[in-house]
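Report on the following structure.
Numbers for residues simply follow the sequence, beginning at 1.
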Amino acid sequence: KEFEAAIGEYVGVKHCVAVCNATIGLQMVVRALGLTGEVIVPSFTFPATVHALAWEGVTPVFCDVDLATHNIDPACVERLVGPQTTGILGVHLWGNACNTARLEEIAERHYLQVFYDAAHALGCGHAGQMIGGFGRAEVFSFHATKFLNSGEGGAIVTNDDMLAKRLRLLRNFGIDGDQVVDVGGNAKMNELSAAMGLTSFESREEFIARNCENLQEYRRMLASIDGLTLFAPETDEPHNRQYVVVDVDARTAGATRDELFAMLHRENVIAKKYFFPGCHRMKPYRGAYDARLSPLPATEALCERLLQLPTGTAVGPAEIHAIGGLLKQALAGRVRRAA
Ligand SMILES: *Cc1c(COP(=O)(O)O)cnc(C)c1O
């Protein structure tokens with residue numbers, strides 16, 4: 001309860017329902033909203049976003065993202081709305097907000113529900129408020145890789161009283177007082193995770209300060225390497241800067257994203273290829289995906305080009321300098337070989 005109150009207040013929403021992880025949290029929202037048929041979702045996301053729909057018997061319809069934001073493209077959403085569509089699931093990728101105004105306008109026009117995977121976005125703002133209060137509900141993740149770490153954990157936040165009540169039932173076996181009134185599951189966040197989450201939450205300003213310093217350091221370092229560009233849109237809103245996202249232009253850089261990724265891993269730098277190869281190319285979903293019906297050119301490009309570099313409190317100027325040295329060395333070798 002203390003953890004829920006802290007997150008709810010921080011985000012500025014009426015209800016915070018802490019859960020065992022964000023994947024289950026998304027599933028609960030799908031069920032509580034009564035979604036059926038199809039839900040439009042970006043392919044360019046962590047597979048859990050899409051699994052949560054499929055696990056609840058809803059068909060994910062893959063939408064492209066906007067190259068300028070890496071977030072779900074409202075124009076593409078509009079094209080994909082069909083008779084079976086019941087909802088839109090946006091993902092605030094890298095903590096950058098979706099175009100909530102456009103998505104909610106489209107949803108209203110077609111009688112759809114909008115909700116958000118905010119796994120990356122605790123501590124980030126949008127349109128003068130914190131992410132968490134948009135759509136019918138938003139879901140945060142507190143997995144070890146995320147901005148706030150509770151071991152495993154998540155939270156559903158919403159301003160909707162009825163929805164919050166239903167989510168609390170679903171979380172705890174459908175038990176209401178001494179009655180069982182719903183087919184509930186067991187999705188409770190455990191007390192140990194809540195305690196750890198509170199401790200992590202106390203350090204939020206420190207995490208943000210370090211991430212911002214690291215981002216600046218990466219920006220300086222990457223400025224001297226042709227073909228590698230930091231993707232970090234400027235904003236006046238609060239931002240957690242939990243992801244250092246680099247766009248690799250293989251032709252200019254002289255090496256592909258995959259080559260740089262392999263080199264970094266050989267040197268024990270745990271870079272990531274988020275989100276290769278895109279959910280629409282993954283085994284459970286590729287059979288149903290038809291590129292002619294819904295081409296995903298921006299998704300295909302980003303899957304091949306993006307590289308995420310380490311940040312957080314275990315990383316500082318010395319590590320970033322070392323990573324810069326490795327990248328420069330690898331790319332200098334390329335130019336020599338090419339010559
Ligand atoms: C991490 C993540 C999830 C899953 O969160 P869990 O708490 O690990 O279940 C869902 N969506 C996105 C975009 C994520 O990055």
Worksheet item: Can you get from Tyr243 to Val269 by hopping between Ile, Leu, Val, Met, Phe, Trp and Tyr side chains that sit under 4.5 Å apart?
Response: no

Fill in: Least distance between heavy atoms, Cys63 atom then Thr299 atom
O-OG1, 4.3 Å

Discussion item. For Asp160 and His15, which I'm curious about, is there any donor-acceptor pair between the side chains at under 3.5 Å?
Written reply: no

Worksheet entry | Test item: Leu302 and Val65 side chains (from C-beta on) under 4.5 Å apart, heavy atoms | yes

Worksheet, complete the sentence: Rounded to the nearest 0.5 angstrom, the CD-NZ distance for Glu191 and Lys1 is 9.0 Å

Worksheet item: Which atoms form the tightest heavy-atom contact between Ser141 and Ala22, and what is the distance?
Response: CB-CB, 3.5 Å

Worksheet item: For Asp64 and Ala298, which heavy atoms make the closest approach, and how far apart are they?
Response: OD2-N, 3.0 Å

Discussion item. When you measure from the side chain of Thr85 to the backbone of Gly87, do you find a donor-acceptor pair of N or O atoms at a distance under 3.5 Å?
Written reply: no

Discussion item. Is the ring pair His280/Tyr289 parallel, tilted or perpendicular, if the boundaries are 30 and 60 degrees?
Written reply: perpendicular

Practice prompt. Drop me the distance from Gln113's CD to Thr86's OG1, to the nearest 0.5 angstrom.
Written response: 7.5 Å

Discussion item. Counting C-beta onward and ignoring hydrogens, is there a side-chain heavy-atom pair between Phe276 and Phe261 closer than 4.5 Å?
Written reply: no

Practice prompt. Please test Gln129 against Phe134 for side chain to side chain contact (heavy atoms under 4.5 Å, CB included), starting from the C-alpha separation and ending with a verdict.
Written response: CA-CA 9 Å; Gln129 66 183 81; Phe134 295 93; 3.4 Å; yes

Worksheet item: Does Val315 offer a backbone N or O that forms a donor-acceptor pair with the side chain of Asn214 under 3.5 Å?
Response: yes

Practice prompt. Heavy atoms only: give me the nearest His70-Trp94 pair and the separation to one decimal.
Written response: ND1-NE1, 3.0 Å

Discussion item. If we ignore hydrogens and angles and just use 3.5 Å, is the side chain of Glu56 paired with the main-chain N or O of Met28 as donor and acceptor?
Written reply: no

Practice prompt. Go through Val139 and Asp117 one step at a time and tell me if the side chain to side chain contact (heavy atoms under 4.5 Å, CB included) criterion holds.
Written response: CA-CA 5 Å; Val139 182; Asp117 179 338; 5.7 Å; no

Worksheet item: More than 12 foreign heavy atoms under 6.0 Å from CZ of Arg166: is that the case here?
Response: yes

Worksheet item: Passes side chain to side chain contact (heavy atoms under 4.5 Å, CB included), Phe3 versus Leu148? Steps please.
Response: CA-CA 12 Å; Phe3 181 64; Leu148 188 151; 4.0 Å; yes

Worksheet item: When Phe115 is tested against each of Thr158, Ile88, Leu35, Leu163 for side-chain contact (heavy atoms from CB on, under 4.5 Å), which residue passes?
Response: Leu35

Worksheet, complete the sentence: Distance col, row Leu26:CG vs Ile156:CD1, nearest 0.5 angstrom, shows 8.0 Å

Worksheet item: What do you reckon, is NZ of Lys165 surrounded by more than 12 foreign heavy atoms closer than 6.0 Å?
Response: no

Discussion item. Please verify the inter-ring angle class for Phe275 with His120; under 30° counts as parallel, over 60° as perpendicular, anything in between as tilted.
Written reply: parallel

Worksheet item: Any side-chain heavy atom of Leu53 within less than 4.5 Å of one from Val30?
Response: yes

Item to complete: Could you tell me whether the side chain of Asn211 and the main chain of Gly312 form a donor-acceptor pair under 3.5 Å?
Response: yes

Discussion item. With heavy-atom distances below 4.5 Å as the criterion, would you say the side chains of Val19 and Met189 are in contact?
Written reply: no

Worksheet item: Same hydrophobic cluster for Ile72 and Phe62, using side-chain heavy-atom links shorter than 4.5 Å among ILVMFWY?
Response: no

Discussion item. Under the criterion salt bridge (Lys or Arg N to Asp or Glu O under 4.0 Å), I'd like the reasoning laid out for Asp249 against Arg251: C-alpha separation, chi angles, the key distance, then a yes or no.
Written reply: CA-CA 6 Å; Asp249 178 351; Arg251 274 208 284 188; 5.4 Å; no

Practice prompt. Starting at CE of Met221, measure out to CG of Leu228 and round the result to the nearest 0.5 Å.
Written response: 8.0 Å

Discussion item. Do Leu264 and Leu309 make a side-chain contact, defined as non-hydrogen atoms from C-beta onward lying under 4.5 Å apart?
Written reply: yes

Worksheet, complete the sentence: Taking every heavy atom of Gly324 against every heavy atom of Ile225, the minimum-distance pair comes out as O-CD1, 4.3 Å

Item to complete: May I ask you to decide whether Glu105 forms a salt bridge with Arg109, counting only side-chain N to carboxylate O separations under 4.0 Å?
Response: yes

Practice prompt. Give the C-alpha distance, both sets of side-chain angles, the deciding distance and a yes or no for side chain to side chain contact (heavy atoms under 4.5 Å, CB included) between Glu237 and Ile131.
Written response: CA-CA 10 Å; Glu237 307 273 357; Ile131 287 179; over 6 Å; no

Fill in: same_hphob_cluster(Ile208, Val11) at 4.5 Å side-chain heavy-atom cutoff
yes

Fill in: Sub-4.5 Å side-chain heavy-atom contact between Leu80 and Ser294
yes

Discussion item. Is it the case that the side chain of Thr256 and the backbone of Glu259 share a donor-acceptor pair, with hydrogens and angles ignored and the cut-off at 3.5 Å?
Written reply: yes

Item to complete: Following the transitive rule for hydrophobic clusters with a side-chain heavy-atom cut-off under 4.5 Å over Ile, Leu, Val, Met, Phe, Trp and Tyr, establish whether Ile323 and Val248 coincide in one cluster.
Response: yes

Item to complete: Report, as yes or no, whether the 6.0 Å neighbourhood of atom CG on Asn186 holds more than 12 heavy atoms from other residues, nucleotides or ligands.
Response: yes

Worksheet item: With distance as the sole test, does Asn159 use its side chain to make a donor-acceptor pair with the main-chain N or O of Lys14 at under 3.5 Å?
Response: yes

Item to complete: Would you check if there is a donor-acceptor pair between the side chains of Glu78 and His110 at a distance under 3.5 Å?
Response: yes

Worksheet entry | Separation of Arg257 CZ from Asp247 CG (nearest 0.5 Å) | 10.0 Å

Practice prompt. Could you tell me whether Phe140 and Tyr10 have their ring centroids closer than 6.0 angstrom?
Written response: no

Worksheet entry | Lys188 versus Asn190, side-chain donor and acceptor atoms under 3.5 Å | no

Worksheet item: Are side-chain heavy atoms of Asn96 and Thr69 found at a separation under 4.5 Å?
Response: no

Discussion item. Checking the side chain of Glu138 only, and the main-chain atoms of Gly133 only, is there a donor and an acceptor separated by less than 3.5 Å?
Written reply: yes

Fill in: Side chain Gln242, main chain Thr145, donor-acceptor under 3.5 Å
yes

Worksheet entry | Parallel, tilted or perpendicular: ring planes of Tyr116 versus His92, cut at 30 and 60 degrees | parallel

Discussion item. Looking at Phe207, I'd like to know if the NZ or CZ of Arg204 sits under 6.0 Å from its six-membered ring centre while staying within 45 degrees of the ring's axis.
Written reply: no

Item to complete: Taking the side chain as every heavy atom from C-beta outward, state whether Pro310 and Ile270 have any atom pair closer than 4.5 Å.
Response: no

Discussion item. Treating Asp66 as the side-chain partner and Ala68 as the backbone partner, does any N or O pair qualify as donor plus acceptor under 3.5 Å?
Written reply: yes

Worksheet item: Under 6.0 Å from the NE2 atom of His265, do we count more than 12 heavy atoms belonging to anything else shown?
Response: yes

Practice prompt. Identify the two heavy atoms, one from Ala32 and one from Leu170, that lie closest to each other, and give their separation to 0.1 Å.
Written response: CB-CD1, 4.0 Å

Worksheet entry | Glu234 and Arg219 ion-paired at < 4.0 Å | yes

Discussion item. Salt bridge check, Glu217 against Arg220: does any charged N sit closer than 4.0 Å to a carboxylate O?
Written reply: yes

Worksheet item: Atom CG of Asn99 and atom CG of Asn71: how far apart are they, to the nearest 0.5 Å?
Response: 9.0 Å

Item to complete: Please answer whether the main-chain N or O of Asn149 pairs with a side-chain N or O of Ser200 as donor and acceptor at a distance below 3.5 Å.
Response: yes

Item to complete: Would you kindly confirm whether Leu326 and Val244 end up in one hydrophobic cluster when ILVMFWY residues are joined by side chain heavy atoms under 4.5 Å apart?
Response: yes

